[in-house]
Colleague: 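Handing you this structure, nothing more for now.
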Amino acid sequence: MTASDQETPPDVPVDASARVAPGAPVVTGAPVNAEAPVSEEAPVDAGAFATVEPPATVEVPVPAETPVPAETPTGMSPRQARLLRIAAASVVLVALAAVLAVRLASRTSVLVVGVYGLAVILCGAVIELSRHGRTRLGTYLLGAGLAAALAADWLLLP
């Protein structure tokens, strides 16, 4: 596209609301009024570009009663929750190992080793789940496993 293709022919009316293409010639000395026609006598500056200034920013006052959000978060962070569940599963693991040792001292049975051994393995699985970010699943699994171990101890073991 050449510069002569971009110029408006003199007999074509110019719409004041039309956008100016980048690189289009700008008429300098033209009247500011949008209703006033562009005269043919106005000189055209071929090197000038149309510039559009952004609207002025408006500052809106903030009312004094606007509540300021609290900067301290409530609850635990995910890391703290993982560490708490790992610690809880570790404590349960040690407790189950102690109960297993006491039960084996009183009566040696494969059933005792099976019930408490599975509960200890479950605690280890919960610790690994918590380390990998599956804290809720680990918590549910630990609760269900402990309930099952206590029920099996009460129902199965003499």
Side-chain angles (χ1 to χ4, degrees), residues 1-8 14-28 30 32 34 45-158:
M1 188 182 272
T2 62
S4 62
D5 293 339
Q6 293 178 355
E7 293 181 13
T8 305
V14 177
D15 183 13
S17 65
R19 293 182 174 230
V20 177
V26 176
V27 177
T28 57
V32 179
D45 184 7
F49 295 101
T51 58
V52 178
E53 292 188 23
T57 58
V58 178
E59 292 186 23
V60 178
V62 179
E65 63 271 357
T66 303
V68 178
E71 293 183 16
T72 57
T74 58
M76 291 189 296
S77 71
R79 178 177 169 78
Q80 290 172 333
R82 281 194 306 268
L83 291 175
L84 178 68
R85 286 181 176 99
I86 288 171
S90 299
V91 167
V92 171
L93 181 112
V94 170
L96 284 173
V99 170
L100 176 62
V102 169
R103 286 290 195 165
L104 284 176
S106 65
R107 69 180 81 90
T108 53
S109 170
V110 176
L111 197 54
V112 171
V113 172
V115 168
Y116 287 102
L118 285 175
V120 168
I121 291 171
L122 179 69
C123 288
V126 168
I127 290 171
E128 281 301 309
L129 283 171
S130 294
R131 284 185 57 223
H132 293 290
R134 298 297 193 176
T135 53
R136 276 186 241 148
L137 175 64
T139 302
Y140 299 145
L141 196 60
L142 184 64
L146 285 178
L150 291 176
D153 184 32
W154 183 65
L155 292 173
L156 299 176
L157 299 177

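Only this structure's heavy atoms are used, side chains among them; waters, hydrogens and symmetry mates stay out.
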Colleague: Ignoring hydrogens, what is the shortest heavy-atom contact between C123 and L142? Give both atom names and the distance.
Modeller: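 Between these two residues, the closest heavy atoms are SG-CD1, 3.8 Å.
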Colleague: Got a second to check how far L137's CG is from H132's NE2, nearest 0.5 Å?
Modeller: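 One finds 12.5 Å between CG of L137 and NE2 of H132.
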Colleague: At their closest point, which heavy atom of S130 faces which heavy atom of R85, and how far apart are they?
Modeller: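 Minimum heavy-atom contact is OG-CB, 3.7 Å.
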Colleague: If the condition is side chain to side chain donor-acceptor pair (under 3.5 Å), which residues does R131 pass it with, not counting sequence neighbours?
Modeller: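 For R131 the side chain to side chain donor-acceptor pair (under 3.5 Å) partners, ignoring immediate neighbours, are E128.
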Colleague: Of all the heavy-atom pairs spanning I127 and S90, show the shortest one and how long it is.
Modeller: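 Of all heavy-atom pairs spanning I127 and S90, the closest is CD1-OG, 3.5 Å.
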Colleague: How many angstroms lie between CG in L96 and CG in L146, if you round to the nearest 0.5 Å?
Modeller: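 Reported to 0.5 Å precision, the distance equals 6.0 Å.
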Colleague: Of the non-hydrogen atoms in V112 and L100, which two are nearest, and what is the gap between them?
Modeller: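 In this case the closest contact between V112 and L100 is O-CD1, 3.8 Å.
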Colleague: Working to the nearest 0.5 angstrom, can you tell me the gap between T139 OG1 and L129 CG?
Modeller: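 It comes to 9.5 Å.
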Colleague: To the nearest 0.5 angstrom, please state how far the CG atom of L111 sits from the CZ atom of R103.
Modeller: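 Spacing of CG (L111) from CZ (R103) equals 10.5 Å.
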Colleague: Indicate the atoms forming the closest heavy-atom contact of V126 with A89, along with that distance.
Modeller: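 Shortest heavy-atom separation between V126 and A89 comes out as CG1-CB, 3.8 Å.
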